[in-house]
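In each ligand, atom 1 is the first atom listed, and ligand 1 is the first ligand listed. Every value quoted in this text rests on a predicted model; they were computed, and no experiment measured them.
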Amino acid sequence: MRMAELVFHTGPMDSGKSTLALQMDHAQSAHDRQGVRYAIHDRSGGARITSRIGLSVEAVEVAGSLDLYQDVVSQLSRGGRIDYLICDEAQFYRPEQIDQLARVVDDLGIDVYCFGILADFRTELFPGSKRLVELADRVVEPPVSPLCWCGRPATHNARIVDGQMVREGDQVGVGDIGGGSEIHYEVLCRRHHRQGITGEISRATLSEQTLPFDGTKS
Ligand SMILES: Nc1ncnc2c1ncn2[C@@H]1O[C@H](COP(=O)(O)OP(=O)(O)O)[C@@H](O)[C@H]1O
Ligand SMILES: Cc1cn([C@H]2C[C@H](O)[C@@H](COP(=O)(O)O)O2)c(=O)[nH]c1=O
């Protein structure tokens, strides 16, 4: 018999994690398997799992005080059936909550699929992601990697505040990729994350280089 497992799907922002979470939920539920979806700090602002590809579904909000093991047990004791959990934005879960998820797998035989980014804009691991790497049966990268402006696979998340890439600030800052808002994110390769060269800086540098050498128009 197949053993239940704790799986961590991790990649940078915009790598299709929420899309995959929704696809897995859809695929599992198609065969009468019953699942519970959990999420926290979704970009939509609600208790939802939201994919940039346009899909969005309701989820249970993971408050900091929520004991995920007890939550599952209480749903089962009310007569519900649970075959799997889908846990999005798992980087924001507390490490204790990841331990509770491991217990759901081991003691209740329920599959737990987690999705989240590994590291923050400073390249430091989120505590929840660190615990997932420590406990997961498998750590899986999404099949499609987003690209840095230079064409290399993007592996790191940069935070942009008022147009500037920053390296200090609160670890949690819910936001989206792409410009438009005061705080947003851009995915970069390690080299350009380390050098602090965003797409905007690269475009500005390139256009300066293509101006006539004395800077005047002919
Ligand atoms: N208009 C679009 N057409 C096709 N794919 C898109 C479109 N917009 C976004 N995507 C893809 O959706 C994925 C981002 O999905 P999402 O699940 O929101 O990512 P994550 O949860 O990892 O931040 C990326 O692979 C991106 O290329
Ligand atoms: C790098 C980084 C990201 N966040 C936030 C920004 C988004 O709300 C989520 C990631 O969502 P996605 O579905 O993977 O795009 O995390 C943050 O709070 N702190 C960070 O350092």
Visitor: Could you tell me, atom by atom, which parts of ligand 2 come under 4.0 Å of a heavy atom of Glu89?
Guide: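 In order of numbering, the contacting atoms are 9 (C), 10 (C), 11 (O), 12 (P), 13 (O).
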Visitor: Distance under 4.0 Å to a non-hydrogen atom of Arg159: what atoms of ligand 2 satisfy this?
Guide: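 So the answer, numbered in order with elements, is 19 (N), 20 (C), 21 (O).
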Visitor: Is Val144 isolated, or which residues cluster with it under the ILVMFWY side-chain rule of less than 4.5 Å, directly or via members?
Guide: none
Visitor: Taking only heavy atoms of the protein into account, state which residues are under 4.0 angstrom from an atom of ligand 1, in chain and number order.
Guide: Pro12, Met13, Asp14, Ser15, Gly16, Lys17, Ser18, Thr19, Arg43, Ser51, Arg52, Ile53
Visitor: Should you measure from each heavy atom of Arg43, which atoms of ligand 2 turn up under 4.0 Å away?
Guide: 12 (P), 13 (O), 15 (O)
Visitor: Heavy-atom contact check, 4.0 Å cutoff: does Arg122 meet ligand 2?
Guide: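 It does not; every heavy atom stays at 4.0 Å or beyond.
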Visitor: Between Asp88, Ile49, Leu68, which is the residue that forms a side-chain contact (heavy atoms from CB on, under 4.5 Å) with Tyr38?
Guide: Leu68
Visitor: Tracing side-chain links under 4.5 Å among I, L, V, M, F, W and Y, which residues wind up in one group with Met1?
Guide: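 For Met1, no cluster forms, as it stays isolated from other hydrophobic side chains.
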Visitor: Given the rule in the salt bridge (Lys or Arg N to Asp or Glu O under 4.0 Å) test, do Arg103 and Asp67 qualify, once you have shown the distances and angles that lead to the verdict?
Guide: CA-CA 11 Å; Arg103 194 169 165 211; Asp67 182 323; over 6 Å; no
Visitor: Phe126 near ligand 2, heavy-atom distance under 4.0 Å?
Guide: yes
Visitor: Give the ring-plane orientation class for His41 versus Phe92, where under 30° counts as parallel, over 60° as perpendicular and anything between as tilted.
Guide: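 Plane angle over 60°, so perpendicular.
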Visitor: For Gln91, take its heavy atoms, then give the atoms of ligand 2 lying under 4.0 Å from any of them.
Guide: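 Listed by number with element: 9 (C), 10 (C), 16 (O).
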Visitor: For atom 3 (C) of ligand 2, which candidate among Asp120, Asn157, Ile117, Leu118 holds the nearest heavy atom?
Guide: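 Nearest heavy atom to atom 3 (C) of ligand 2 lies in Ile117.
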Visitor: Which residue and atom name correspond to the protein heavy atom nearest atom 15 (O) of ligand 2, and how close is it?
Guide: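 Protein heavy atom at minimum distance: Arg52 NH2, 2.9 Å.
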Visitor: Which residue owns the protein heavy atom closest to atom 16 (O) of ligand 2, what's the atom, and how far is it?
Guide: Phe92 CZ, 3.3 Å
Visitor: With heavy atoms of Val172 as the reference, note each atom of ligand 2 found under 4.0 Å away.
Guide: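 Matching atoms, with element in brackets: 18 (O).
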Visitor: Atom 4 (N) of ligand 2: which protein heavy atom is closest, and how many Å away?
Guide: Tyr185 OH, 3.5 Å
Visitor: Whether the side chain of Glu5 engages the backbone of Arg138 through a donor-acceptor N/O pair (distance < 3.5 Å, no angle test) should be reported.
Guide: no
Visitor: Of all residues at least two apart in sequence or in a different chain, which pass the side-chain hydrogen bond (donor to acceptor under 3.5 Å, both in side chains) check with Asp137?
Guide: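 Listed in chain order: nothing, the list is empty.
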Visitor: Determine, considering heavy atoms only, which of Gly175, Ala119, Gly173 sits nearest to atom 18 (O) of ligand 2.
Guide: Gly173
Visitor: If you draw the axis of the six-membered ring of Tyr185, does the NZ or CZ of Arg159 fall within 45° of it and under 6.0 Å from the ring centre?
Guide: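 No, cation not above the ring by the 6.0 Å, 45° rule.
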Visitor: Between Arg52 and Asp176, does any side-chain N to carboxylate O distance fall below 4.0 Å?
Guide: yes
Visitor: I'd like to know if the side chain of Glu58 reaches the main chain of Arg37, judged simply by a donor and an acceptor atom lying under 3.5 Å from each other, with no hydrogens or angles considered.
Guide: no
Visitor: Apply salt bridge (Lys or Arg N to Asp or Glu O under 4.0 Å) to residues Glu168 and Arg122 and explain how you reach the verdict.
Guide: CA-CA 7 Å; Glu168 283 175 15; Arg122 304 164 301 183; over 6 Å; no
Visitor: What protein heavy atom sits nearest atom 21 (O) of ligand 2, and how far off is it?
Guide: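 It is Phe121 N, 2.8 Å.
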Visitor: Say whether, by atom type as modelled, one donor and one acceptor occur between the side chain of Asp42 and the main chain of Gly46 under 3.5 angstrom.
Guide: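 Pair absent, no side-chain N/O of Asp42 close to backbone of Gly46.
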Visitor: Which of these passes side-chain contact (heavy atoms from CB on, under 4.5 Å) with Pro127: Arg94, Gln91, Gln171?
Guide: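 It is Gln171, the one option of Arg94, Gln91, Gln171 that forms the side-chain contact (heavy atoms from CB on, under 4.5 Å) with Pro127.
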Visitor: Suppose I only count heavy atoms of Val174 and a 4.0 Å limit; which atoms of ligand 2 are within that range?
Guide: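 Heavy-atom distances to Val174 below 4.0 Å select 8 (O).
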Visitor: Does any N or O of ligand 2 fall below 3.5 Å from an N or O anywhere on Gln171, backbone included?
Guide: yes
Visitor: Taking Ile110 as the starting point, is it possible to reach Phe8 by hopping between hydrophobic residues whose side chains are less than 4.5 Å apart?
Guide: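 Shared cluster, yes.
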Visitor: So which protein heavy atom does atom 14 (O) of ligand 2 come closest to, and at what separation?
Guide: Lys17 NZ, 2.9 Å
